[in-house]
Amino acid sequence: MSIQITFPDGNQKSFEVPPTGLEIAQGISPGLAKKAAVVRVNGELWDLTRPIDRDARFEIVTRDKPEALEVIRHDAAHVLAQAVQELFPGTQVTFGPATETGFYYDFARSEPFTEADLEQIEARMRDIVKRDLPIRREVWPHDEAVKFFEKAGEKFKAEWIRDGIKADEELTIYRQGDTWLDMCLGPHLASTGKLGTAFKLTKVGGAYWRGDANNAQLQRIYGVAFSTEQELKDYLHMVEEAEKRDHRRLAKQLDLFHQQEEAPGMVFWHPKGWAIWQAVERYVRGVYKRSGYQEVRGPQIMDVSLWKKSGHWDNYQNNMFFTESEKRTYAVKPMNCPGHVQIYNANLHSYRDLPIRYAEFGGCHRNEPSGALHGIMRVRAFTQDDGHIFCMPEQVESEVTAFHRQAMEVYSDFGFGDIDIKIALRPDKRIGEDAIWDRAEEALRAALRSAGVEWTELPGEGAFYGPKIEYHLRDSIGRAWQVGTMQVDFMMPERLGASYIDEHSSRQIPVMLHRAIVGSMERFIGILLEHHAGAMPLWLAPVQAVVAPIVSDADAYAREAAAALDAAGLRVEADLRNEKITLKIREHSLQKVPVIVVVGRREAEEKTVTLRRLGSERQETLPLAEAVARLAAEAAPQR
RNA sequence: GCCGAGAUAGCUCAGUCGGUAGAGCAACUGAUUCGUAAUCAGUAGGUCGGAGGUUCGAUUCCUCUUCUCGGCACCA
């Protein structure tokens, strides 16, 4: 029986003995064999050294391909695991996958790994690469594997084989050199030498076995890996630059806000930070208006009975703040929806009035776990650009579609292009019947489908009262944060007694849509700062222009120019200090002021100004009135 | 919340193998009026995150605690 191999160009070749990918590659050219990382066999990635025992479509995946990079990273994880076990006997291995930029591996060891250990481990990894150990794939019977790992003291591996792998599933072992092995799906490179040297261990952190906080805590060692040294170098440089854009660092440099021990997870906004806030708020208020929302405002604390009715007490009481007065317990609102329902309920509504859209810059407090707090991205007191739409079931899809369009427009106006869209589906802990969930989930899919966008689905991650679309943006070092959301809720209106009168004069329960575009003002501003590296576009900059006289003879004119810009609605300051113009330019540039308006004796005489834009050395002298008109137009809020 | 690391002047950081701390920038005072990213000189500034303990003596060692950072878990 011969094996028929079909190449991507359609050519075929038959083999009497099952060939390995490596042998086929060598048959084509030794250079190709050298560059080959893995092969694709009938669409599946296989090891180079695995015999191809069936007719197959065959393709060689060279080292420079993205699929190969994932294998390289996965190999790095295994080399890391071997290095750790060589250096720290008794450490148990668990799992170590490739990540977006590298790899990690989770270990069980009672002693913590230190930064110094990391250096030592990395050196040992390089040693294992130098040893160029062959990596071989083996298929083991389950019970033998369980026995082996139990005997080796690897109880996590043994447990996983017993609980995590089905009996009929093939169990593969990868042997690295003679003594070290790990259970793994593969594929892997042919030997450790193929990994190369473009990797680096970056950090160590905690992780839970099987991702569950009730399980044992493991130690996760992270690394980055690339196929070439240059890519690694570029990546490390990129990270270094990105760290300079951290919103917490920018907040100090630009004097935007601070946080302090007495108010963990809360923000003290300084004048300049609050100016950004107000610019964002003003813009969002325009969005509310343009898309048919009425702005409302509910109370900050409400009797706990309301939260019991809404279901929040059952689901979130541990994360809510409470306060007591005259033998009543109040909850500080963790969200605005029950408040909006009260406003809705204060009147009788006809089906003709729907949809009714309420919006609020709603201040919320949630007692987030201390470890979750992160600058202003994850806080305990925040403000949502919250909105609720009360509508009839048949209006859901068009409302969701309109919202989606609006949200994308907003992100674009703020300069964001790369938005991840997800649909979070029903969680285990939920209220309502499955048929209702089916409808709600399908409504979200239908809306996104009609908008022609791609999304990923997150099973189990929806809210307890309904599924949601999530809009995610990334911070400077690539961590994703949810900003906007659209949630379909068939439960809350009923629980809180909302209704409308339909055309047959009977009482119906409306559907409630929860939506936010920027999500939390705090988080959004944090991402905005990182995205623009603190250099906000003119319409958002806290100080839009500084008028800087060169000599004190021009002070009076500088005041006049600043007053004119101020009158035109710009956020402007005059820097009349007795300092050299070079110092003023430097300081205001470091403060990321978009426009510096320089005036000297010449400008004062001619009633002109010289504009210098941030990031450019080009200057432009023009009449004051013209400069005011032009800057005012540029600084106007978007839309 | 869990694992780990950290907290020293307004900021960025150094330092003390236990003898109560130092730099640069910023601030303040004075001089300088200088056309596009740092003018010069001088002055002042710290219960070394908080509470206990060990010690003749603690910013340094120990315990507890708060907060921050990195991960994980959580995120209505």
Side-chain angles (χ1 to χ4, degrees), chain A residues 104 106 111-115 202-222 246 248-249 252-253 255 258-265 307 310-320 333-338 364 366-375 377-380 382 384 424 427 429-430 461-466 468 470 477 479 481-482 485 487 489 492 514 519-520 523 548-555 577-590 596 598-603 610-612 614-619 621:
Chain A
Y104 67 77
D106 289 345
E111 296 289 299
F113 290 113
T114 65
E115 295 289 318
T202 50
K203 57 195 171 196
V204 53
Y208 295 105
W209 169 239
R210 297 167 86 161
D212 187 336
N214 298 313
N215 289 343
Q217 180 122 34
L218 309 170
Q219 295 186 67
R220 178 170 296 179
I221 297 179
Y222 284 90
D246 187 302
R248 294 162 294 196
R249 187 200 277 234
K252 265 183 196 163
Q253 284 168 1
D255 193 18
H258 83 272
Q259 296 175 277
Q260 67 185 46
E261 215 168 318
E262 290 80 356
W307 304 101
S310 71
H312 290 94
W313 169 267
D314 286 340
N315 285 280
Y316 292 104
Q317 57 176 297
N318 290 334
N319 296 309
M320 289 165 69
K333 78 173 144 113
M335 42 178 359
N336 309 298
C337 29
C364 295
R366 295 181 185 174
N367 198 2
E368 304 285 9
S370 56
L373 303 180
H374 182 100
M377 303 283 215
R378 185 83 184 269
V379 285
R380 289 194 176 133
F382 57 97
Q384 292 176 316
K429 205 172 160 189
R430 61 176 183 262
E461 302 218 346
F464 72 87
Y465 51 74
K468 53 180 179 166
E470 298 180 358
I477 62 169
R479 288 179 288 220
W481 298 88
Q482 182 190 311
T485 185
Q487 311 176 358
D489 179 358
M492 202 66 65
H514 308 243
S520 132
R523 174 177 295 179
I550 295 166
V551 289
S552 52
D553 287 351
D555 283 3
R577 292 176 302 165
N578 173 17
E579 294 289 354
K580 288 170 78 170
I581 191 63
T582 49
L583 182 90
K584 295 182 185 180
I585 298 278
R586 176 182 158 79
E587 290 192 345
H588 300 303
S589 297
L590 289 172
I596 300 175
V598 179
V599 293
R601 285 200 188 90
R602 206 160 57 222
E603 284 84 355
T610 298
L611 302 184
R612 184 193 159 113
L614 181 61
S616 163
E617 287 174 22
R618 206 167 52 82
Q619 302 157 48
T621 302

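Only heavy atoms go into these numbers, but all of them, side chains included; no hydrogens, no water, no symmetry mates. Per chain, numbering begins at 1; letters A, B, ... match sequence-line order. Keep in mind it's a predicted model, so treat the numbers as computed, not measured.
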Non-hydrogen side-chain atoms of N367(A) and R380(A) separated by less than 4.5 Å: yes
Rounded distance (Å) that lies between atom P of A26(B) and atom CG of D255(A): 16 Å
K429(A) side chain reached by F464(A) side chain, heavy atoms, under 4.5 Å: no
Whole-angstrom distance between U8(B) and A14(B), as gauged at atom C1': 10 Å
C67(B) to G50(B) separation - P atoms, rounded to the nearest Å: 15 Å
Touch class at under 4.0 angstrom, heavy-atom based, for I585(A) against every strand present: base
Within-4.5 Å side-chain heavy-atom neighbours: K580(A) and I585(A): no
Close side-chain approach of H374(A) to W481(A), heavy-atom, < 4.5 Å: yes
Test item: Q482(A) and K468(A) side chains (from C-beta on) under 4.5 Å apart, heavy atoms: yes
Side-chain touch T610(A)/E603(A), heavy atoms, less than 4.5 angstrom: yes
Short side-chain N/O contact from T582(A) to OP1 or OP2 of U36(B), under 4.0 Å: no
Separation of the P atoms in U32(B) and G49(B), to the nearest angstrom: 43 Å
Short side-chain to backbone donor-acceptor contact, R366(A) and F382(A), under 3.5 Å: no
Review item, nucleotides 7-13 of chain B N/O atoms under 3.5 Å of protein N/O:
unit_1: U12(B); atom_1: OP1; unit_2: K252(A); atom_2: NZ; d: 3.1

Rounded distance in Å between the C1' positions of G53(B) and G18(B): 15 Å
Sugar-phosphate only, base, or nothing, as touched by G519(A) at under 4.0 Å among non-hydrogen atoms: nothing
N/O donor-acceptor pair under 3.5 Å between Q487(A) side chain and A463(A) backbone: no
Sugar-phosphate only, base, or nothing, as touched by I581(A) at under 4.0 Å among non-hydrogen atoms: sugar-phosphate
Sugar-phosphate, base or nothing in reach of T610(A), heavy atoms under 4.0 Å: base
Euclidean distance for C1', G22(B) against U63(B) (whole angstrom): 30 Å
Annotated protein contacts, base or backbone, on nucleotides 70-76 of chain B with a non-hydrogen cut-off under 4.0 Å, one of B, S, - each: BBBBBBB
Donor-acceptor pair present, Q619(A) side chain and U36(B) base, under 3.5 Å: yes
Under 3.5 Å donor-acceptor, K584(A) side chain and P549(A) backbone: yes
Parallel, tilted or perpendicular, as decided by the 30° and 60° cut-offs, for the rings of Y104(A) and Y222(A): tilted
Intra- and inter-strand pairs of RNA chain B in dot-bracket (Watson-Crick or G-U wobble, both distances under 3.5 Å; | for another strand): (((((((..((((.....[..)))).(((((.......))))).....(((((..]....))))))))))))....
Touch class at under 4.0 angstrom, heavy-atom based, for Q317(A) against every strand present: nothing
